[in-house]
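Positions are given from 1 along the sequence. What you are looking at is a predicted structure, and each value in this text was computed from that prediction instead of being measured.
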Amino acid sequence: MVTERSHPTVPSWRPTHGDLTDAEWMLIADLVQPWWKPGTMGRPATVDRRRVVDAILYVAATGCQWRALPAVYPNWNTVHRLLLQWSRDGTWGAIADRLRGLVREAEGRDPDPSGTVIDARTVRATKTVPKRSKGFDAGKRINGRKTFGIVDTLGLLLAVEVVAASASDNAGGIAVFDKARAKIDRLAKLWCDSGFKTAFITHCRQRHVATEVVTKIHPHGFHVLPRRWVVERSWAWTMNNRRLQVDYERCPEVVEGFIWAAHTRLLLRRLAPA
């Protein structure tokens, strides 16, 4: 017996990971709303920005193809264009910076951290990624891209940099450190692993940030490393989003945008739990 399928635009339809609640949307609405307002010159906005944010979070969480975006969301081309625009102009970073400050204040801390942890992870890239922006990581034997990230002692993301996997830890670490240093003046201490060499440590010390290398406690067996476990947990949070488990994007900026979007989803749930 063939039954009629329900229309995808039924109001009760809801993605499994959940769209933004009203409380969550109010925290970021002013940062993504269009400049146009009724009574002003310019082309009227026809796409609801809240639905665009919901669509980006849906793609990040489920890993679906752009053209497979459910019909309840705006056109996939519009969503992809705004994701790229917000990633390039710093909108996603501004959203995460605001929410991170609110989370830290809720924990009784200063909005700007003084201690940070840095690490990198490598993700396999598909054939859609151009050769000029990917490389081979000889240590992990992965052909793809490498993401450098700096988090505070709570595991909240401060800066991210996506480069080819063949890039050295020194080059990628210096790039992401400069991003974090430009945002926060209170940085005083940074923990890293032994992959970051003298060039990176010297670069940090020249900017008045002390660096401590956390080495393995025992060469054999698993041990939780001091401070290092914080950034590893942050990567685990990020990897829960299927879109970030494999790199499909042609532009590294889109990957960074998805990382910020996934982190924004995490921060919003902390600030406005359902």
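Annotation: side chain of Leu190 is in contact with side chain of Phe200 (closest heavy-atom distance under 4.5 Å).
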What do the steps show when you test Arg51 against Asp54 for salt bridge (Lys or Arg N to Asp or Glu O under 4.0 Å), and what is the final call?
CA-CA 5 Å; Arg51 301 302 294 159; Asp54 290 337; 3.1 Å; yes

What do the steps show when you test Lys197 against Asp169 for salt bridge (Lys or Arg N to Asp or Glu O under 4.0 Å), and what is the final call?
CA-CA 8 Å; Lys197 306 300 182 182; Asp169 287 350; over 6 Å; no

Please determine whether salt bridge (Lys or Arg N to Asp or Glu O under 4.0 Å) holds for the pair Arg50 and Asp22, giving the CA-CA distance in whole Å, both sets of side-chain angles, and the decisive distance to 0.1 Å.
CA-CA 10 Å; Arg50 179 172 178 175; Asp22 293 338; 2.9 Å; yes

His203 and Asn170: side-chain hydrogen bond (donor to acceptor under 3.5 Å, both in side chains), yes or no, with the steps?
CA-CA 9 Å; His203 181 82; Asn170 284 334; over 6 Å; no

Pair Tyr73-Asp19, side-chain hydrogen bond (donor to acceptor under 3.5 Å, both in side chains): steps then yes or no:
CA-CA 11 Å; Tyr73 294 122; Asp19 293 337; 2.9 Å; yes

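Side-chain atoms of Thr91 do not come within 3.5 Å of backbone N or O of Ser87 as any donor-acceptor pair. No donor-acceptor distance shorter than 3.5 angstrom exists from the side chain of Thr147 to the backbone of Glu161, with no hydrogens or angles considered. Not a single donor-acceptor pair under 3.5 Å links the side chain of Arg270 to the backbone N or O of Leu99. In terms of modelled atom types and a separation under 3.5 Å, the side chain of Arg100 and the main chain of Val103 share no donor-acceptor contact. Side chain of Lys189 to main chain of Val209: no donor-acceptor pair is present (N/O by atom type, distance under 3.5 Å, no hydrogens or angles). Put simply, the side chain of Thr62 gets close to the backbone of Tyr58: a donor and an acceptor are under 3.5 Å apart. Here the side chain of Asn241 pairs no donor or acceptor atom with the backbone of Arg243 at under 3.5 angstrom.
Counting non-hydrogen atoms of neighbouring residues, nucleotides and ligands closer than 6.0 angstrom, the CZ atom of Arg67 reaches no more than 12 such neighbours. Other residues, nucleotides and ligands contribute at most 12 non-hydrogen atoms within 6.0 Å of the CZ atom of Arg141. Around the CZ atom of Arg250, the shell of radius 6.0 Å holds no more than 12 heavy atoms that belong to other residues, nucleotides or ligands.
Side-chain atoms of Asp137 and Thr122 form a donor-acceptor pair, as typed in the model, at a separation below 3.5 Å. Side chains of Ser133 and Arg145: a donor-acceptor N/O pair is present below 3.5 angstrom, by distance only.
If you take CZ on Arg98 and CG on Asp30, they are separated by 4.0 Å, rounding to the nearest 0.5 Å.
A salt bridge is absent between Glu105 and Arg109: the closest approach of a Lys/Arg side-chain nitrogen to an acidic carboxylate oxygen does not fall below 4.0 angstrom.
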